[in-house]
Amino acid sequence: MPEKPTIDGLEERWSTVWQEQGTYAFDRSKTRDEVYSIDTPPPTVSGSLHVGHVFSYTHTDTIARYQRMRGREVFYPMGWDDNGLPTERRVQNYYGVRCDPSLPYEPTFEPPDKPGKQQVPISRRNFVELCERLTAEDELTFEALWRRLGLSVDWSMTYATIDEASRTASQRAFLRNLARGEAYQAEAPTLWDVTFRTAVAQAELKDEERAAAYHRITFRRPDGGGIDIETTRPELLPACVALVAHPDDARYQPLFGTHVSTPVFGVQVPVVAHRLADPEKGSGIAMICTFGDTTDVTWWRELQLPTRAILGRDGRVVADQPPGLDSAPAREAYARLAGLTVHSAREAMVGLLRESGDLVGEPRPIMHMVKFYDKGDKPLEVVTSRQWYIRNGGRNEVLRDALVARGHEITWHPSFMRSRYENWVQGLNGDWLVSRQRFFGVPFPVWYALDSDGNPIYDTPLTPDESLLPVDPSSECPSGYTADQRDVPGGFTADPDVMDTWATSSLSPQIVSGWARDEDLFARVFPMDLRPQGHDIIRTWLFASVVRAHTEFGTVPWKHAAISGWILDPDRKKMGKSAGNALTPVGMLEEHGSDAARYWAASGRPGTDTAFDASQMKIGRRLAIKILNASKFTLTFGPEENLALVTEPLDQSLLAELSGVVDRATKAFDGYEYTRALEVAESFFWAFCDNYVELVKERAYGARGEAAATSARATLATALSVQLRLFAPFLPFVTEEVWSWWQTGSIHRASWPSVDELAVGQGDPAVLSASSVALSALRKAKSEQKLSMRAELAAATVSGPEAEVTSVEAAAEDLRAAGHVLGALVFVPDDTPQLTVTVTLPS
RNA sequence: GGGCGCAUAGCUCAGUUGGUUAGAGCACCUGCCUUACAAGCAGGGGGUCAGGGGUUCGAGUCCCUUUGCGCCCACCA
């Protein structure tokens, strides 16, 4: 025991010891019912960890530590999300390379020392290798932070979402989805990001308000009259395939079934009726283009309209005019748009309309909501492309209901988060689009045979045997083919796409559990106990995980979902967005200490947003220091914990009270209310220090003989042991430090305190509570007289309800010592409702 | 437009099936060098529980309603 204990440096010391001694190592000999398994969220390594990570990962760690002390073998791996676009961009910039999947693999490739102006094109495999090299460095930094924070992770069990096990699991799950008909491909219009040149899924959308303008444009009726429509996308006029109005709209009913001609291009398009047309909007009649937005897609599909697509995957107007624009003026007009971006094409189109006189008035500026890819900054377009989908209930009621039902099998913390899940599932409007036209990611393990003209035969994809996974179809051959048959007629071609990052991370329970890789482990940990995560990714990570477990195993992936809230700035803005609040987690831990930061984090309940609050960390730091000091003091009386020696009513009372605290903290933790568990322990601890320790101090020193002293000492040691264990999940460093002063082994492998170990016969909590009230009254008398707490009193009288007075009397000598009452201390029951203490000051 | 959540002391928040006089910490004020801790300790002031209505012997808590804030979804011609 140090002379002057300090919390500084405990992080380095104990994180090293825990690693050396394998304190948190998972014992895989345990069976499923003995295990508590956690599906840790893999942080994105290409970004940096922020304060919010410290916050939410601490929550999970308190639960892990509690379960471990309860005797569960905790399966608590850590993953790294190094898959997907953020990593791809970081690698491009860091090494000055870009991925070109058509290139062959170069085993000896080394990136330039300094990224040059021109990015070096490299093969997918080379690119993936660079991703792995860079993320390996990032992962070390992350791990160091987590160790410093004290996460009780088994660091021998890390995984990465681009590593071989993850690629294998992703491809295996996909092949099984495909075999069961749960995965399919379709050529269809999909939302498309022109910057990243990839399709995006419904779950990855965000809405933003943007400036636009209504353009009023005149179409020509057969009788020569005009009909005006309003559009924000005049550049799509050459893509117009129909006009649409509501079936009940009397203004346009006479036109249904007739044709009108488009201005400038003179294309004949039908006037059709559809319920989605809003009579209140614009002129009540809209032009349908292929494709301006998802409503266009609905109209196009349901009304079986022709396709006249003009936007390419790069977001520019394609060179060749679409079918129907065959007249010379149409071709001439189209040529002025070809090759332009959407923005430029719009200006050009407005010019054309002015020339032809078909623009009515001036464009009218408006603000409206536009769909964006959540990582993109250009509005999404709709482009037709061949994509892979996984059925998620978006087009099938039976499956949708089954997935909603799975949501009921999960215990949500807090419970209302389930409605977010249900809202999302019930609002799905299509299946899950899982293919992305990117390079760094898990490739689809699929090839297509090429016919004699070199066209892929999509209906019968070629797939590898599962034993060969993972495969890279761009560098490996399908069974029965040789490399020289790649991309030649009669040969084969690789599916060029990679999977959506969620297609991999949705399998995190399977990946960490060793599905199809380590079936022994899998049987011991899956389905898992806990998925901790943020509420922003319920619709993505959580839902997709449920889909994958449902289809493959017919089960939920975990029993509990703990949904953490946001970390907000002190000014209640979401943290991390603005530049002014760039507080690094390392800086926070260095400044306040890990236990203190964890104390603050533990004050955030599941699902509740919490403001960053340095003052909370100061309180946590104070608590940790107090624990050191109080422990040191307590242990000066010896470590004897024998309850048979606890004979004094006050001591028995203390242990009875503590027993109730243990009960409440345990119930709170069982309900995932770690915040309450901490609060219960903390409030008891301060009262323990301020009242109980003060009352028994003199007796423990031996003022009233050996038996009375022994009773106090055994109580102090027992209460300390129990309280340290109550704090251990929250303050792992300081509790471990104190534990090491007189116990063997780690406190984090000690057993959670039980009510049974505090059974001391007829302990009456009232003795302590009434004595504490009396002690406070003595202090108040001194405080009001501006006396030192050590000032002596000539006499004191305790009066009030008989039960309370009797309770105080049971600890009379302790009260006398703590209050420094020299003379008479008398007890007078009376009819007053409250305990009253009157004192006589020394003359 | 649909769904979910929040509103309690100057600040951050507890308040567990409805039950004495609504709590804690921070901040503030007044004191105290007290041999575990001055990074400490003791004491104190401070609230119409967002507004209104209802149920009840009794409402911060249950019901209805209004207002304000936050989030999710839908709508996007």
Side-chain angles (χ1 to χ4, degrees), chain A residues 4-7 205 207 209-210 212 214-215 217 229-234 236 243-245 276-278 281-289 292-296 299 366-371 379 414 416-424 426-429 535-536 538-539 565-566 568 570 572 574 600 603-605 607-616 618-619 621-636 664 667-668 671 673 675-676 679 682-683 686 689-690 693-694 697 701 775-791 820 833-834:
Chain A
K4 184 82 180 168
T6 172
I7 64 169
L205 304 181
D207 289 342
E209 193 163 46
R210 285 299 156 97
Y214 276 129
H215 300 70
I217 299 174
I229 61 102
E230 286 199 320
T231 181
T232 55
R233 310 271 327 249
L236 293 177
L243 297 188
V244 64
L276 284 182
D278 183 355
K281 220 169 248 177
S283 58
I285 187 163
M287 71 170 181
I288 303 175
C289 305
D293 59 28
T294 51
T295 314
D296 277 344
W299 283 326
I366 56 156
M367 295 299 285
H368 70 164
M369 298 301 268
V370 182
K371 280 192 198 327
F416 67 77
M417 285 296 177
R418 199 188 72 229
S419 61
R420 300 223 179 177
Y421 171 86
E422 286 191 15
N423 274 355
W424 176 254
Q426 282 165 342
L428 288 169
N429 57 28
H535 53 61
D536 51 329
I538 289 174
R539 67 180 188 175
W566 294 117
L568 307 173
R572 318 243 7 122
K574 190 190 165 197
W600 160 73
S603 70
R605 292 180 300 158
T608 306
D609 293 348
T610 302
F612 178 80
D613 189 353
S615 73
Q616 277 297 111
K618 294 200 174 94
I619 298 162
R621 188 177 176 85
R622 198 181 63 161
L623 174 63
I625 293 169
K626 185 83 172 179
I627 287 173
L628 280 182
N629 285 318
S631 300
K632 180 184 157 216
F633 179 63
T634 298
L635 290 172
T636 57
R664 290 198 295 282
K667 286 196 170 88
E673 295 180 84
T675 297
R676 170 172 291 281
E679 181 197 312
E682 185 185 11
S683 63
W686 286 101
C689 291
D690 296 342
V693 172
E694 292 300 326
K697 198 183 268 185
Y701 276 123
L775 179 59
S776 288
L778 293 177
R779 287 168 174 157
K780 184 172 181 178
K782 293 180 189 179
S783 192
E784 282 170 350
Q785 297 296 324
K786 303 191 190 242
L787 292 172
S788 157
M789 286 302 122
R790 210 172 51 169
H820 304 280
Q834 239 175 321

Practice prompt. Using the P atom on both, measure rA36(B) against rA42(B) and round to a whole Å.
Written response: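 15 Å, rounded to whole Å.
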Practice prompt. Any chance you could encode RNA chain B as dot-bracket? Rule is Watson-Crick or G-U wobble with both distances under 3.5 Å; [ ] for pairs crossing earlier ones, | for another strand.
Written response: (((((((..((((.....[...)))).(((((.......))))).....(((((..]....))))))))))))....
Worksheet item: Using a cut-off of 4.0 Å between protein heavy atoms and nucleotide atoms, how would you tag nucleotides 39-46 of chain B 5' to 3' with B, S and -?
Response: BSSBSS--
Sequence neighbours left out, what passes side chain to side chain contact (heavy atoms under 4.5 Å, CB included) with [X]? Give chain and number order.
X: K632(A); answer: M1(A), P5(A), W741(A)
X: E673(A); answer: A668(A), R676(A)
X: D207(A); answer: M369(A), K371(A)
X: H820(A); answer: K782(A), R790(A), E792(A)

Which part of the nucleic acid does [X] contact within heavy-atom distance under 4.0 Å: base, sugar-phosphate only, or nothing?
X: A212(A); value: nothing
X: C289(A); value: nothing
X: K618(A); value: nothing
X: Y701(A); value: sugar-phosphate
X: Q785(A); value: nothing
X: R676(A); value: base
X: Q426(A); value: nothing
X: K786(A); value: sugar-phosphate

Item to complete: Taking only the side-chain nitrogens and oxygens of T295(A), find out if one of them lies under 4.0 Å from OP1 or OP2 of rC76(B).
Response: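 True: T295(A) side-chain N/O within range (under 4.0 Å) of rC76(B) OP1/OP2.
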Worksheet item: Within the pair Y214(A) and rC76(B), is there a side-chain N or O less than 4.0 Å away from OP1 or OP2?
Response: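 Y214(A) to rC76(B) OP1/OP2: no side-chain N or O under 4.0 Å.
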Pairing residues for [X] by the side chain to side chain donor-acceptor pair (under 3.5 Å) criterion, not counting sequence neighbours:
X: K780(A); value: none
X: R621(A); value: D8(A)
X: R418(A); value: E422(A)

Strictly under 3.5 Å: I want the nitrogen or oxygen pairs between protein and nucleotides 2-11 of chain B, one per line.
from: rG3(B); atom 1: O2'; to: N423(A); atom 2: ND2; distance (Å): 3.0

Fill in: Set of ring pair (Phe, Tyr, Trp, His ring centres under 6.0 Å) partners for Y701(A), sequence neighbours left out
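In terms of ring pair (Phe, Tyr, Trp, His ring centres under 6.0 Å), with neighbours along the sequence ignored, Y701(A) is linked to F637(A).
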Item to complete: Indicate yes or no: at least one non-hydrogen side-chain atom of R664(A) is less than 4.5 angstrom from one of E679(A).
Response: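 A side-chain contact under 4.5 Å is absent here.
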Worksheet item: Checking K281(A) against Y214(A): charged group under 6.0 Å from the ring centre and within 45 degrees of the axis?
Response: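 No - K281(A) does not lie over the ring of Y214(A) by the 6.0 Å and 45° rule.
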Worksheet entry | S615(A) side chain, from C-beta outward: closest of rA36(B), rC26(B), rU21(B) |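 In terms of side-chain proximity for S615(A), the closest of rA36(B), rC26(B), rU21(B) is rC26(B).
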Fill in: D609(A) versus H535(A), closest heavy-atom pair with distance
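Looks like OD1-NE2, 4.0 Å.
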Discussion item. Test of understanding: with salt bridge (charged side-chain N to carboxylate O under 4.0 Å, His left out), list the residues that count as partners of K667(A), not counting sequence neighbours.
Written reply: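 With sequence neighbours excluded, K667(A) shows a salt bridge (charged side-chain N to carboxylate O under 4.0 Å, His left out) to D663(A), given in chain and number order.
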Fill in: Nearest-angstrom distance from the residue atom CG of D609(A) to C1' of rU12(B)
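Interatomic distance, CG of D609(A) to C1' of rU12(B): 14 Å.
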